[in-house]
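Here's the structure we're looking at; comments come further down.
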Amino acid sequence: MMRLSEIFRADGFLRKVFAMMLKEVLQLRRDRITLATMISIPLMQLIMFGYAINTTPRDLPTAVLLQENSDVGRSIIAALKNTKYFAIKYQAKTPYEFDHLLASGKVLFGVEIPANFERGVRRGDKPALLVAADATDPVAAGSALAALSGIVQTALVHDLGIPDAGTPAFEVRTHARYNPAGKTELNIVPGLLGTILTMTMLIFTSLSVTRESERGTMESLLSMPITPLEIMLGKITPYVGIGIMQAALIVGAGVLMFHVPIVGNFFLLAVLTTLFIATNLSLGFTFSTLAENQLQAVQMSMMSFLPSMLLSGFLFPYAGMPLWAQYLGEIFPLTHFIRIVRAVMLKGSTLADLQFDTAMLVLLMLIAMGIAVTRFRRTLD
Amino acid sequence: MQNGPDIVIDVEGLTKSFNGRTVVRDLSMQVKRGMIYGFLGPNGSGKTTTIRMLCGLLTPDSGHGTCLGFDIITESDKIKRRVGYMTQRFSLYEDLSVRENLEFIARIYGVQNPANAARETIERIGLRGREEQIAGALSGGWKQRLSLGACTLPDPQLLLLDEPTAGVDPKARREFWSEIHSLAAEGLTVLVSTHYMDEAERCHEIAYIAFGEILARGTVEEVVSHSGLTTYNVSGDDLFPLQTKLEHTQGIDMVAPFGNSLHVSGRDAKELESSIKPFRSDKKYKWEKSEPSLEDVFIDLMKRSKDNFQ
Ligand SMILES: Nc1ncnc2c1ncn2[C@@H]1O[C@H](COP(=O)(O)OP(=O)(O)O)[C@@H](O)[C@H]1O
Ligand SMILES: [Mg+2]
């Protein structure tokens with residue numbers, strides 16, 4: 001083990017980091033498969049998820065429950081039928097039947113027009129239009145929900161001459177069943193940004209040290225006057241660039257294709273994304289120093305990637321998890337990053353709002369680097 | 001040209017075990033500046049392990065010493081900066097070109113103009129025209145040259161070459177050795193391990209290691225004369241039946257075929273003489289007293305050491 005001061009005092013620190021960096025870039029340039037993977041993973045994922053998001057749902061089986069017999073009700077149903085989103089399969093006669101259709105999975109969507117809805121609309125009471133969604137498919141349900149309100153409003157203005165006051169004449173009271181956090185594409189792009197970066201960054205650096213050991217080049221490298229810190233920084237830095245490229249690809253596609261807004265400061269988003277990339281790279285490098293071969297390194301990456309995906313709040317709402325799982329979630333960079341991205345992109349939060357998550361990312365990065373530098377085997381013992 | 005101690009390698013009592021098996025035992029060694037020091041021994045005798053301990057790649061279990069005046073345990077950073085280590089297995093980057101590999105090394109060692117240094121090295125090792133070739137695509141002999149070029153590029157004071165000529169054709173071996181000699185002439189100290197006996201003759205001094213212990217050391221002549229072996233050279237037709245008979249005769253320690261003759265050796269000259277007397281009357285064979293070859297000496301040393309072990 002060596003002391004930190006000793007590491008920094010070593011002469012030619014930057015020069016050696018640069019030499020290592022250049023070497024990695026040259027190797028990377030020749031490694032066509034890795035390069036292709038790094039570009040194609042985000043693209044593939046985006047397209048796969050993108051379809052689910054983008055194909056604003058088509059022909060979602062829908063049940064309708066009319067609690068009153070009114071023009072408004074008929075008009076809404078007609079509007080729903082006219083869109084390609086909903087396929088009205090059933091007109092339920094009782095609330096019991098309505099529930100059963102949803103529970104059995106015969107429909108994914110239920111629209112209930114309560115009694116006195118029309119009167120309420122005309123009087124400006126903003127009555128509730130009850131919508132039940134089977135949110136086990138949160139993406140589909142989410143987008144349909146988002147579409148619904150607009151459709152109904154247009155129908156009312158158009159057919160009934162109810163003035164468009166800018167705000168809807170009714171309230172959509174959503175009840176997302178089975179998955180209370182019915183999600184939308186707005187959540188998926190930030191989540192995807194975090195998970196794709198976690199996966200690729202972890203895997204690529206986790207291989208970097210074990211690869212040298214397995215190819216036998218470690219013996220040469222260790223016989224040269226270069227310190228573990230120099231090796232680490234030299235190996236991590238090129239991947240920061242690649243991570244930024246991936247991030248730009250995902251965010252760019254999110255904005256262009258899926259119209260995800262960037263409400264907050266773009267620069268802040270870029271800086272914090274870079275921090276997140278560096279944190280994952282450090283973590284991957286740590287795995288690389290602990291693993292004995294490339295297979296182990298990949299396994300370790302997966303062991304940390306899967307729980308971080310499950311516990312980060314990407315797939316399941318963080319607030320809905322048991323307390324122990326929430327605490328566990330805090331140790332994963334992804335958890336903090338997803339909070340940061342959602343907050344910056346969707347809510348326009350500033351750094352001041354994100355102090356805790358930013359500090360956690362920095363802390364996790366330093367811990368990972370500390371472990372990596374001390375655990376790095378400087379001999380072949 | 002170089003400053004530093006006159007004894008470049010000075011270690012004592014180095015011991016190293018892996019998983020409870022002692023691989024190098026109580027090894028001491030002194031190498032003077034400007035020497036080509038041959039480190040001979042069969043495969044698995046501990047040559048690589050010893051070299052790795054000298055340059056800080058392995059920590060000895062016990063023992064101590066210095067390399068270029070620096071402590072091998074606490075000052076390996078300083079040693080690494082001044083030593084060129086050529087690994088037994090090719091350990092440069094197979095996916096980088098010749099030039100890129102050399103420039104990388106030049107940068108790590110802080111050589112003034114890396115591109116220039118790489119070009120000079122390429123010139124020196126005769127790899128011109130192959131600068132942009134991927135190292136992994138080079139033939140064995142060229143890889144060896146590149147490795148030697150790489151470890152001499154940062155202008156080291158000591159070269160540790162671990163079986164640099166293994167698996168290389170005779171012409172390339174000869175060129176390799178003349179390169180080593182010219183490096184030594186410039187003042188470099190070279191420790192070179194090999195399991196080819198004939199290469200011992202090309203060294204100023206040798207040490208013979210088997211089973212992790214140095215069994216003999218000195219110049220080739222010293223090693224031969226200290227062996228205490230008496231050897232007869234037997235020539236004639238149809239030597240094989242004679243060889244079988246001699247092998248089972250008391251007082252004869254070793255019978256080894258050498259081309260068209262047999263080397264018959266014994267540790268006790270008197271005993272050997274009396275043992276071979278009955279065979280000498282056969283006029284089919286011609287007996288001549290001769291010097292034991294280095295190989296006779298090494299095989300005998302190994303046998304004796306093995307007997308001690310078991
Ligand atoms: N890292 C290691 N772990 C376990 N055994 C080893 C290791 N390195 C070498 N050995 C063993 O030590 C012995 C000596 O090896 P080595 O020094 O490579 O011999 P040489 O270079 O003379 O062929 C061999 O039996 C080898 O198997
Ligand atoms: Mg060896």
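Residue numbering restarts at 1 for every chain, and letters A, B, ... go by the order of the sequence lines.
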Problem set entry | Over 12 non-hydrogen atoms of neighbours within 6.0 angstrom of OH in B:Y196 | yes
For this session: Check whether B:R52 gets within reach of chain A through its side chain, its backbone, both or neither, counting any heavy atom under 4.5 Å.
Result: side chain
For this session: Output the option from B:L96, B:L92, B:I105 having the highest count of non-hydrogen pairs under 4.5 Å with chain A.
Result: B:L96
Seminar exercise, completed: One should read off an interatomic distance between B:I108 CD1 and A:E230 CD, to the nearest 0.5 angstrom, of 7.5 Å
Exercise. Under a 4.5 Å heavy-atom cutoff, which of B:Y85, B:Y93, B:F104 has the most pairs with chain A?
Worked result: B:Y93
Problem set entry | CE on A:M224 to OH on B:Y109, rounded to 0.5 Å | 5.5 Å
Problem set entry | Per-residue contact mode, B:I134 against chain A (heavy atom under 4.5 angstrom) | side chain
Exercise. Under a 4.5 Å heavy-atom cutoff, which of B:S76, B:G56, B:S91 has the most pairs with chain A?
Worked result: B:S91
Exercise. Heavy atoms, side chains only, cut-off 4.5 Å: are B:L57 and A:S223 in contact?
Worked result: yes
Exercise. Would a distance-only check, ignoring hydrogens and angles, find a side-chain to backbone donor-acceptor pair under 3.5 Å from A:D381 to B:T59?
Worked result: yes
Problem set entry | Structural part of B:K16 lying under 4.5 Å from a heavy atom of chain A | side chain
For this session: Answer whether the closest heavy-atom distance between the side chains of B:L58 and A:T379 falls below 4.5 Å.
Result: no
Problem set entry | Atom pair CD1 (A:I226) and CZ (B:R81), whose distance is rounded to the nearest 0.5 Å | 12.0 Å
Problem set entry | A:R30 side chain vs B:D95 backbone, donor-acceptor pair below 3.5 Å | yes
Exercise. Checking heavy atoms, do the side chain of A:R29, its backbone, both or neither come under 4.5 Å from chain B?
Worked result: side chain
Exercise. Is atom CD of B:Q112 surrounded by more than 12 heavy atoms (other residues, nucleotides or ligands) closer than 6.0 Å?
Worked result: no
Problem set entry | Contacts with chain B made by residues 202-222 of chain A (heavy-atom distance under 4.5 Å), listed by residue number | A:E212, A:E214, A:R215, A:G216, A:T217, A:E219, A:S220, A:L221, A:L222
